[in-house]
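One structure is given below, encoded as structure tokens.
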Amino acid sequence: MMFAGAILFILIFVLLTPQCQAFLHGSAENAVSFLNAWAPFSYILLGILMIGPMAAMYLMHTWPKHEEPESPMAKYRREQPSVDDD
């Protein structure tokens, strides 16, 4: 993590190059054409991929809290005699 700032700084200049922009634009066009070619199945798969993490977060949020069970040996524990000097 020491070089994260430097890597991000260099990455900005790499993404500004025309070759990189053309590659990213071509990749986006190919992805959209693929989604349109496989229309019903690709959109269903994309929906599942987007709803899955949200469903997992909902389950984690609504999951019952873990309560520590009472020690089974607690009923055998002796009470310490209290010393009252009154």
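All values derive from a computational prediction rather than experimental measurement. Hydrogens, waters and symmetry mates are skipped; everything else that's a heavy atom, side chains included, is used.
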Mind checking the [atom1]-[atom2] spacing from [X] to [Y]? Nearest 0.5 Å is all I need.
X: L46; Y: I51; atom1: CG; atom2: CD1; value: 9.5 Å
X: L11; Y: L16; atom1: CG; atom2: CG; value: 9.5 Å
X: L8; Y: L15; atom1: CG; atom2: CG; value: 10.0 Å

Taking atom types as modelled, find out whether Q21 and H25 have a side-chain donor-acceptor pair closer than 3.5 angstrom.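 Side chains of Q21 and H25: no pair found under 3.5 Å.
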
Is it possible for you to say whether F34 and L45 belong to one hydrophobic cluster, with membership spreading through side-chain heavy-atom contacts below 4.5 Å?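 Hydrophobic grouping puts F34 apart from L45.
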
Step through the shown structure and confirm whether more than 12 heavy atoms of other residues, nucleotides or ligands are within 6.0 Å of OH on Y43.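 More than 12 within 6.0 Å, yes.
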
Which atom names give the shortest non-hydrogen contact between V14 and C20, and what distance separates them?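 Distance-wise, the nearest heavy atoms are O-CB, 3.4 Å.
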
What is the ring orientation for F13 with F9, classed by angle as parallel under 30°, tilted 30 to 60°, or perpendicular over 60°?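 The arrangement is perpendicular - the two ring planes meet at more than 60°.
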
